[in-house]
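Atoms considered below: every heavy atom in the structure, side chains included; atoms not considered: hydrogens, waters and symmetry mates. On a predicted model such as this, the values are computed, not experimentally measured, just so you know.
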Amino acid sequence: MTRKTTRRKFIVSSVAAAGGIVGSAAWHQQQSKLSAKAAIQLPTAPTMPERVLGKTGVKVPIFGLGGAGQTPLSKMNREADAVAQIEAALQFGISYFDTAASYGPSEYYMGKVLPAYRSNLFLATKTAQRDRDGAWRELERSLKRLQTDSIDLWQLHHVSFHETLDQIFSPNGAIKNLGVHPDFALSINT
């Protein structure tokens, strides 16, 4: 890596390239199948390799679609482009969607498409709020924007300093929200 290339840019570029390769291969494979059948049907999503998410026992695809970054998902007034990107991800077999309340309109855009597929998706969002009430309000807002009544993973976003941990684990900290349901797993996203 050169000095101008950051680790983050390198990783993002690598993941994008790998995703394009996998997606392209899956698309070409699917197109070959459709041509051979000469069917007039929507193609079924290709099978995406999966891995177990941490110690949860839940299998998720190795590629997901995130709502942050330099994509239409995090940009205002880009709904048509964002919806097209989400629909393309679904067609390529992506069923892991990751967003956050702070990722611009990405929760809203995902809420336009994903509810119809919700039972077959793994949906994650995050909060940057450090207090119990603020985190809870943000979760309620996220659920409304995503047009769902549940998420599969709720993360505490950007926990990088000891002071942040002190806030989160204080008597009125955001951590108090994460123990309200036995299926909730703690995830601190740094």
Any side-chain heavy atom of [X] sitting closer than 4.5 Å to one from [Y]?
X	Y	value
Leu139	Thr127	no
Phe97	Ile86	yes
Leu121	Leu90	yes
Asp131	Gln167	no
Arg130	Val159	yes
Thr71	Tyr103	no
Asp133	Asn172	no
Leu65	Leu73	yes

Between [atom1] on residue [X] and [atom2] on residue [Y], distance to nearest 0.5 Å:
X	Y	atom1	atom2	result
Gln85	Ile94	CD	CD1	9.0 Å
Lys112	Tyr108	NZ	OH	3.5 Å
Arg141	Leu146	CZ	CG	10.0 Å

Quick one: does any side-chain atom of [X] pair with a main-chain N or O of [Y] as donor and acceptor, under 3.5 Å?
X	Y	result
Glu138	Ala128	yes
Ser74	Gly69	yes
Lys126	Trp154	no

Looking only at heavy atoms, which two atoms of [X] and [Y] are closest? And how far apart?
X	Y	value
Met48	Gly93	CB-O, 3.6 Å
Ala82	Tyr109	CB-CD1, 3.3 Å
Ala174	Leu156	CB-CD2, 4.0 Å

Check your understanding: With sequence neighbours left out, which residue pairs that include part of residues 61-78 fulfil the salt bridge (charged side-chain N to carboxylate O under 4.0 Å, His left out) condition?
Key ->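 Sorted result for residues 61-78: Arg78-Asp81.
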Exercise for review: Check the surroundings of atom CD in Gln70: do more than 12 heavy atoms from other residues, nucleotides or ligands lie under 6.0 Å from it?
Suggested key: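 Atom CD in Gln70 is not packed in, count stays at 12 or less.
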Exercise for review: Could you give me the CA-CA distance, side-chain angles and deciding distance for Gln155 and Asp98, then say whether side-chain contact (heavy atoms from CB on, under 4.5 Å) is met?
Suggested key: CA-CA 10 Å; Gln155 301 171 86; Asp98 177 85; 3.3 Å; yes
Practice item. Answer yes if the side chains of Glu107 and Ser142 hold a donor-acceptor pair under 3.5 Å, and no otherwise. Key: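 Side chains of Glu107 and Ser142: pair found under 3.5 Å.
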Point to revise | Presence of salt bridge, Arg118 and Asp152, under 4.0 angstrom | key: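 Answer for the salt bridge query: yes.
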Point to revise | Pairs where residues 110-134 contributes a residue and the test ring pair (Phe, Tyr, Trp, His ring centres under 6.0 Å) is met, not counting sequence neighbours | key: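 Every pair satisfying ring pair (Phe, Tyr, Trp, His ring centres under 6.0 Å) with a residue in residues 110-134: Tyr96-Phe122.
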